[in-house]
Amino acid sequence: MSHGSPVRTRFAPSPTGYLHIGSVRTALYAWLYARHHGGTYILRIEDTDRERSTQAAVDAILEGLAWVGLDADEGPFYQTQRLERHREAAHRLLAEGKAYRCYCTREELEAMRAEALAKGQKPRYDGRCRAGDRVRPDVAPALRFKNPLDGEVVVDDLVKGRIVFANAELDDLVILRSDGTPTYNFSVVVDDADMRITHVIRGDDHVNNTPRQINLFRALDVEPPAYAHLPMIHGPDGTKLSKRHGAVNILEYREMGFLPQALLNYLARLGWSHGDQEIFSVDELIEHFDLDRVSRSAASFDPKKLLWVNQQHIMRAPEQQLVALLAEQLERQGVDPANGPPLALTVAALRERSQTMREMAEQAHCYYQEIEQLDPKAARTHLTPAAHGVLAALADALGGLDDWSEAPIEQAVHGVAERLGLKLGKVAQPLRVAVTGRAASPPIGITLVLAGKERTLRRIARALEWVERAAREAGTAGSQP
RNA sequence: GCUCCCUUCGUCUAGCGGUCCAGGACGCCGCCCUCUCAAGGCGGAAACACGAGUUCGAUUCUCGUAGGGAGCGCCA
């Protein structure tokens, strides 16, 4: 295939909106392929559609790619900056008799399409200007490529296998519009040729463009690149992945608290596999990725599995990364990360119980700000009248501690349980609800360390009041006949 | 309509003619661990779309059928 020639891949998004999660997978595969083979990965912005392309979209794409770490070796190149080059190539084809001027009007073309459709045929250009005898000085002509009339184009797709197209099925496509601007299919070929792309890795919505592009390469006297068409990503319901399936904008995943390495891992495994391995570091992906393991059928995006993969990466991520992200999320949620324990401690306690960094931050609220309200269900089941004595004993035992660290705290809590002849759960749970406001938290010792001594004692006192008030209210209610 | 592509548990996938009464993972259910929640361990339910061939033998090869998808612009 690549006879020793260095691999050059590219990702070529058009900036008409945010960076779609499916596009990120395409970029990832192109990037991984280049990295795995020691090649070059190029970023090219296909902004020839001036109507729909925006700078905001360009920025969103660059930001998204930067976030996931898909760094380009060359580029970003902008297709609009290469217009002259495209025109020049088109006129060369014209001069060589490989293209011709088309004077057909819009109405004419539409009529042609309507007619073909009515006859149950594929709408295609019939080549009426190809002979060059329909010159009309009153219309600005477009340039059409003279596609070969017969024979076939064979695509040995690296993931789909051999695909054969009959040239008779292909019509003469416009390469230069009547306003002189190049069309997508032509720009792509000129750019891929100029940038010496060896492997075009893209979505399989492009397979039908491939034979035309190969014909253009040949007309340009350039050896076509190898092609790898990736199957689409569907939503959980099997239809094309879109907004109604949840987030498709890559940057939303950052806000939701996903780790870029987790997203990459999940996306890589969506349509590719390496034995039974599920969790990969980016380096492992680079080491193992290749196109021969890419599946040929569409895959459905599964948010639940993404969550699991993210959690696995949270458990493995460097502490430093998590500390920074936790701080970010807390601030986003309006909580001051300085108003509590060192973030590294919180990360250590919560990294095994968070599927996202957002969730980790939510679980951490009670260590950085006052509790607005106890979880009603947790309070009802654990802050019972019987818990009053327990809490009082805990306040006493914990209040006397000088060393506020995990071991002594647990010792004190165990001591209270023993003295009262209670199972640990009967002591730890009320304490947990009192201190965190919830029924679930890290082990009680760590939890109290995170809360700090002062907060802990204050919250036990408040819980005591809560129990008393509940008892009073119950008593009042009970006395009513 | 035409061209092209796809089809293994709900989902991601392993399987490249016999090792498959089909393996792993997510999710789901149960058990264990256990101060809660997780994490972890163990176990369970759950799939080769259908029909013909080829072959001693098909999940694996070929062809049909059905279902799904993509494309058919002077959009990208």
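Within every chain, numbering begins at 1; the chains are lettered A, B, ... in the order of the sequence lines, protein sequences first and strands thereafter.
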Just call it for [X]: base, sugar-phosphate, or nothing, with non-hydrogen atoms closer than 4.0 Å on any strand.
X      : value
A/P231 : nothing
A/A299 : sugar-phosphate
A/R202 : nothing
A/L170 : nothing
A/D179 : nothing
A/G275 : nothing
A/S53  : nothing
A/N185 : base
A/R106 : sugar-phosphate

So which nucleotide does [N] pair with, by the Watson-Crick or G-U wobble rule with both distances under 3.5 Å?
N      : answer
B/rG64 : B/rC50
B/rC20 : none
B/rG43 : B/rC29
B/rC74 : none
B/rC37 : none
B/rC4  : B/rG69

Provide, to the nearest angstrom, the distance between the [atom1] atom belonging to [X] and the [atom2] atom belonging to [N].
X      : N      : atom1 : atom2 : result
A/E115 : B/rC2  : CD    : P     : 18 Å
A/L424 : B/rC33 : CG    : C1'   : 15 Å
A/L270 : B/rU13 : CG    : P     : 6 Å
A/L383 : B/rC35 : CG    : P     : 20 Å
A/R124 : B/rG1  : CZ    : P     : 19 Å
A/N208 : B/rG71 : CG    : P     : 8 Å
A/W272 : B/rA14 : CH2   : P     : 11 Å
A/R380 : B/rU36 : CZ    : C1'   : 17 Å

In whole Å, what separates the [atom1] atom of [N] from that of [M]?
N      : M      : atom1 : answer
B/rU8  : B/rG68 : C1'   : 16 Å
B/rC61 : B/rG15 : P     : 12 Å
B/rA25 : B/rG41 : P     : 9 Å
B/rA38 : B/rA22 : P     : 32 Å
B/rA14 : B/rA70 : P     : 23 Å
B/rC9  : B/rG24 : P     : 16 Å
B/rC56 : B/rG44 : C1'   : 37 Å
B/rU54 : B/rU60 : P     : 15 Å

Give the nucleotide from the list [options] with an atom nearest to the side chain of [X].
X      : options                : answer
A/E46  : B/rC4, B/rG27, B/rA76  : B/rA76
A/S295 : B/rU13, B/rC74, B/rU36 : B/rU13
A/S297 : B/rU7, B/rA39, B/rU36  : B/rU7
A/S273 : B/rU13, B/rG69, B/rC35 : B/rU13
A/W308 : B/rC26, B/rC4, B/rU3   : B/rC26
A/K122 : B/rC2, B/rA76, B/rU7   : B/rC2
A/P443 : B/rU36, B/rC6, B/rG71  : B/rU36
A/R432 : B/rA14, B/rC12, B/rC35 : B/rC35
A/I163 : B/rC2, B/rA76, B/rC5   : B/rC5
A/E410 : B/rA76, B/rC35, B/rC4  : B/rC35

- Qualifying residue for salt bridge (Lys or Arg N to Asp or Glu O under 4.0 Å) with A/D172, from A/R144, A/R130, A/K146, A/R212: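 The passing option is A/R130.
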
With nearest nucleotide decided by heavy atoms, which residue, A/D276 or A/P13, maps closer to the 5′ end of RNA chain B?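 So the residue in question is A/D276.
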
Next item on the list: Assign each of A/H234 and A/F165 to its nearest nucleotide of RNA chain B by heavy atoms, then name whichever residue's nucleotide is nearer the 5' end.
Entry: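 By nearest-heavy-atom nucleotide position, the 5'-most residue is A/F165.
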
Whether the side chain of [X] and the base of [N] hold a donor-acceptor pair under 3.5 Å is what I'd like checked.
X      : N      : result
A/R353 : B/rC37 : yes
A/E278 : B/rG24 : yes
A/S178 : B/rC74 : yes

Do A/E46 and A/R44 sit within salt-bridge range, that is, some charged N less than 4.0 Å from a carboxylate O?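 Counted as a salt bridge, because a side-chain N and a carboxylate O are separated by less than 4.0 Å.
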
Fill in: Test: A/E107 and A/R113 ion pair at under 4.0 Å
no

Practice problem: Tell me whether the centres of the aromatic rings in A/Y29 and A/F289 are closer together than 6.0 Å. | Solution: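 When the ring centroids of A/Y29 and A/F289 are compared, they turn out to be within the sub-6.0 Å range.
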
What about the rings of A/Y33 and A/H199, do their centers lie closer together than 6.0 Å?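 Between A/Y33 and A/H199, the centre distance is under 6.0 Å.
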
Looking at [N], I'd like to know if its phosphate oxygens (OP1 or OP2) sit under 4.0 Å from a side-chain N or O belonging to [X].
X      : N      : answer
A/R113 : B/rC74 : yes
A/R212 : B/rG71 : no
A/R144 : B/rC74 : yes
A/Q312 : B/rG40 : yes

Problem - A/H313 versus A/N310, side-chain donor and acceptor atoms under 3.5 Å - result: no

- prompt: Regarding A/T80 and A/D47, is there a side-chain donor-to-acceptor distance under 3.5 Å anywhere?
  reply: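 Checked: A/T80/A/D47 side chains pair up, N/O donor to acceptor below 3.5 Å.
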
Which of A/F258, A/F301, A/W272, A/W308 passes ring pair (Phe, Tyr, Trp, His ring centres under 6.0 Å) with A/Y266? It is A/F301

Per side-chain contact (heavy atoms from CB on, under 4.5 Å), A/Y253 is matched among A/L263, A/V248, A/V68 by A/L263

Exercise. When you look at CG of A/D292, are more than 12 heavy atoms from neighbouring residues, nucleotides or ligands closer to it than 6.0 Å?
Worked result: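 More than 12 heavy atoms, drawn from other residues, nucleotides or ligands, come within 6.0 Å of this atom.
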
